[in-house]
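A, B, ... follow the sequence lines: proteins, then strands. Residue 1 opens every chain. Keep in mind the model is a prediction, meaning the values are calculated, not measured.
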Amino acid sequence: MTESYDPHAVEAKWQEEWRRSNADATPDSPEDPFYMLEMFAYPSGDIHMGHFRNYTIGDVVARYQRMMGRDVLHPFGWDAFGLPAENAAIQHDVHPAEWTYRNIETSRRTLRRMGLSYDWDREIVTCREDFYRFTQWMFLLLYRRGLAYRESSEVNWCPVDQTVLANEHVVDGACWRHPDTPVERRELEQWFFRITEYAQRLLEGLDDLEEWPESTVKQQRTWIGKSEGAEVDFELQEGEESLSVFTTRPDTLWGVTFMTLAPEHPLVERATVPERRPEVRGYVEAARAKSEIERTDASREKDGVFTGSHVIHPLTGDPVPLWVADYVLATYGTGAVMGVPAHDQRDLEFARRYDLPVRVVIQPRGEELDGETLEQAYTGDGLMVDSGPFDGTPVEEGIHRVTEFLREEEIGREKTQYRLRDWLISRQRYWGCPIPMIHCDSCGIVPVPEEELPVLLPESVRDFVPTGRSPLEDVPEFFETACPECGADAHRDPDTMDTFVDSSWYHLRYVDPHNEEEPFSRQAARTWLPVDFYIGGDEHATGHLLYFRFFTKVLHDAGWLEIDEPAVRLFHHGMVKDAEGEIMSKSKGNVVSPARLFDRDGVDVPRLAMLFFAPSADEILWEEKGLEGVRRFLHRLWALFVATMADRRVEEDREVERKALSSGAREAWRLAHRAVQRTTDSLEGDLNFNTAVAAFMEMLNALRKPGPPDEWSDEDFPVLVEAFDLSARALAPLAPHLGEELWHRLGHEESVFDAPWPVAEEEAMAQESVEIPIQVDGKLRSRVYLAPDAGREEMERAALSDERIREVLGDEEPERVIVVPGRLVNLVTG
RNA sequence: GCGAAAGUGGCGGAACUGGUAGACGCGCUAGACUUAGGAUCUAGUCCCGAAAGGGGUGGGGGUUCGAGUCCCCCCUUUCGCACCA
């Protein structure tokens, strides 16, 4: 009776041993530091399959780097503030803190069962006072640097959660948590972080992120949305007021035939002539009532309303009618645009609808456009016409010369415009980090002195039903305080911070998590940062990953960090969905629980299955029966291993004598080395472990072919032992418990993770090449047959007709000929 | 609409710089061992064909001795942006 593979026993044994020996502790004085980071988790119940996948991939890399001799920092923590805790509190009458800590317990237990190589001594929890006091410290740092400001403006409001939202959290006009409920626009005074100040540097920094996914870099680039052009001033015909517009095409200035204001533009009311006010007001009201989705629907027919007044064209002096239209965005540029219908499609549509003139001022070469009949706005290259002194100037040159001219005449200036908006960080909710600011009637807004941090979140709050104002306002012992400057009665800012503020710096805390004086020491930061490898989902491309870069740059400027970008390499793993391709969710009832999988198969089987199912960046459609193949593989590997090690022929110092091997054993030997190579390639490259696992399966199939170990010849037998030695080590990052067990059964004292990473023998990688003379009509034409991966016998069987060879070779005298048996001939000359 | 990526068996997916398409796994078929098996083992499994042979990587064209891979056109899917002036 042979011992069968019992993953539960093996895993319990090694997890206990790793804990006892503190195997995952971070090295104290690292010589070759490697910071491996996976995005931390929001604790909502237990971990899900997405976490399982993310943390598995990260653990594979961390363990590999350790075997490569790096000193690895591999920490974990919890993104513990956030709305779901409050919603749970409302539904289940449990305090958000209690709910959160309970979920952390549950999730941590599952993660620990996974045997992940985290240094749990560095665990952080963002809702704990030892963390959030430094989140407040960060706020004060930004405030001191003029990067945190309070302003009243029109902001996004989620009617379900009853709180404001950052721009990054509005998806298709709705709050990201409630895709069916459109966001509303409200005029409110809120805290913002001045990320726009860093727009240019965030853009430039992207060029250096060579190991970030291209798609993410591209998304950030469009999100920041840089446009270069000019700002042009127009005077109102009546009164003293003036009006600026932003344009990327100052060369088309002579083609302006109307001017349009966004309905929210502050000038609308004053610029409207009295007799038209009712109509304009009606239009503005209607525009405000429209949802964000309606407003921004580009396919909608454009409409607007005439104010009755005019602006003066700054170059021609002509009056230009001033309109109000809701296709103009209040939040971009100046909230006003000049209408150049001949050269802007939107303006053309508007002009046609209201019979406004269309003036062609750019003529394409070899064509004559007519404003009367133009159907499509012309936006291409050409020469300026009807443009006063600039007639005949090509577009590109015209843009520069007109801008220069505007500057000289003091009616305009060069202007760079970004699509990026400042980051709104206030939330009118309880479960978040309090904003460390105090409102005093006489001193205004006053920061809480640093030595008074943390501003504690009061635990006494019991009512979390959203009302549109922070519950902290109703907690007198929190809300009411004294002004730090004058000592008079004052009140604290009752809002809490966006949880994305927490995640903008959590990775910095890991380098020095127990520091009570500072968020982290500069020394520890210098040692470990930047993050060498960061893994998480791509849904954070224009949110977290942008904020996280922003914070890095701010802390760099403040002298806290030497680095300017937070992470060298970024990888996005694919989603895990159900077999039908649906996202797993409680409401759909299709959630697969990792913990349940571990109950049945232990950890290594589902872990290896996760790695085997698809390339790491691709989506996985999880199917229970897919586990079967991996389960069989591990059980067979174990069975063969146990039978081999029980065999007395295992001796010390038995080297594989390659020349003496039978072809079957040689093939197995070759495949073992290829599996090692394939795993190394995956780890160094694309993280596509599916092919690495497949290579090990091929190796095992080859090892099983000659029969059980006692049927192996003495010459072939060492191949088995060598294959197990290689497997134990190269498989260890993928299936850590099993790898460790095999390694120890091979007679090693130290952990497999302290063993060196195996190097595949080149001989096993080499392609077959055999020298065979090629003769045509009895005459030697060339010498070498080469065929990738083809055996000698096969090659000798290669059937090539004389005609075929003659046809290909012609009169050439090739250096060598590449033949794929029976099929293909390629001559290589020179 | 713009931009990007991708289309390969019943399914997940292999195929490095163009070189025997379908590795590996699931599933399926047959057999062995079994009182039994949703266990295990063995063999088979792209399509047509008894075989020889022929066809085959979304469709159509092209380059090449040779194309899943390179080029052009079209179709489909997914993702990102979506009135940003």
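Look at B:G9: its glycosidic torsion is within 90° of 0, and that puts it in the syn range.
Using N1 to N3 plus N6-O4 or O6-N4 for Watson-Crick, or N1-O2 and O6-N3 for G-U wobble, each under 3.5 Å, B:A30 pairs with B:U42. Look at B:U76: its Watson-Crick or wobble partner, with both distances under 3.5 angstrom, is B:A6.
For A:Arg632, a side-chain nitrogen or oxygen approaches OP1 or OP2 of B:G27 to under 4.0 Å. Residue A:Arg419 places at least one side-chain N or O under 4.0 Å from the OP1 or OP2 atom of B:A82. Side-chain N/O atoms of A:Asn690 include one lying less than 4.0 angstrom from OP1 or OP2 on B:A14.
B:G18 sits 13 Å from B:C71 when the C1' atoms are compared, rounded to a whole Å.
Between A:Trp176 and A:His169, the ring planes are parallel. Angles under 30° get that label, and only those over 60° would be called perpendicular.
Of the residues in residues 694-705 of chain A, A:Ala694, A:Met697, A:Glu698, A:Asn701, A:Arg704 come within less than 4.0 Å of RNA chain B through at least one heavy atom, sorted by number.
A donor atom on one side chain and an acceptor atom on the other are found under 3.5 Å apart for A:Glu168 and A:Tyr547.
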Tell me, with the steps shown, if A:Asp233 and A:Arg413 meet salt bridge (Lys or Arg N to Asp or Glu O under 4.0 Å). CA-CA 9 Å; A:Asp233 304 331; A:Arg413 58 213 66 84; 2.6 Å; yes
Would A:Glu624 and A:Arg600 count as a salt bridge (Lys or Arg N to Asp or Glu O under 4.0 Å) if you check the C-alpha gap in whole Å, the side-chain angles of each, and the deciding distance to 0.1 Å? CA-CA 12 Å; A:Glu624 217 73 6; A:Arg600 197 182 51 205; 3.7 Å; yes
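Salt-bridge check for A:Asp601 with A:Arg607: failed, with every basic side-chain N at 4.0 Å or more from each acidic carboxylate O.
You'll find the side chain of A:Phe234 reaches within 4.5 Å of the side chain of A:Pro314, heavy atoms only.
Taking atom OH on A:Tyr327 and atom C1' on B:A82, their separation rounds to 17 Å, with Å as the unit.
Nearest-nucleotide mapping onto RNA chain B: of A:Ser215 and A:Tyr332, the residue sitting toward the 5' end is A:Ser215. Mapping A:Thr691 and A:Gly626 onto RNA chain B by nearest heavy atom places A:Thr691 at the nucleotide closer to the 5' end.
The side chain of A:Thr247 approaches B:A85 more closely than any other nucleotide in the set B:A85, B:A4, B:G12.
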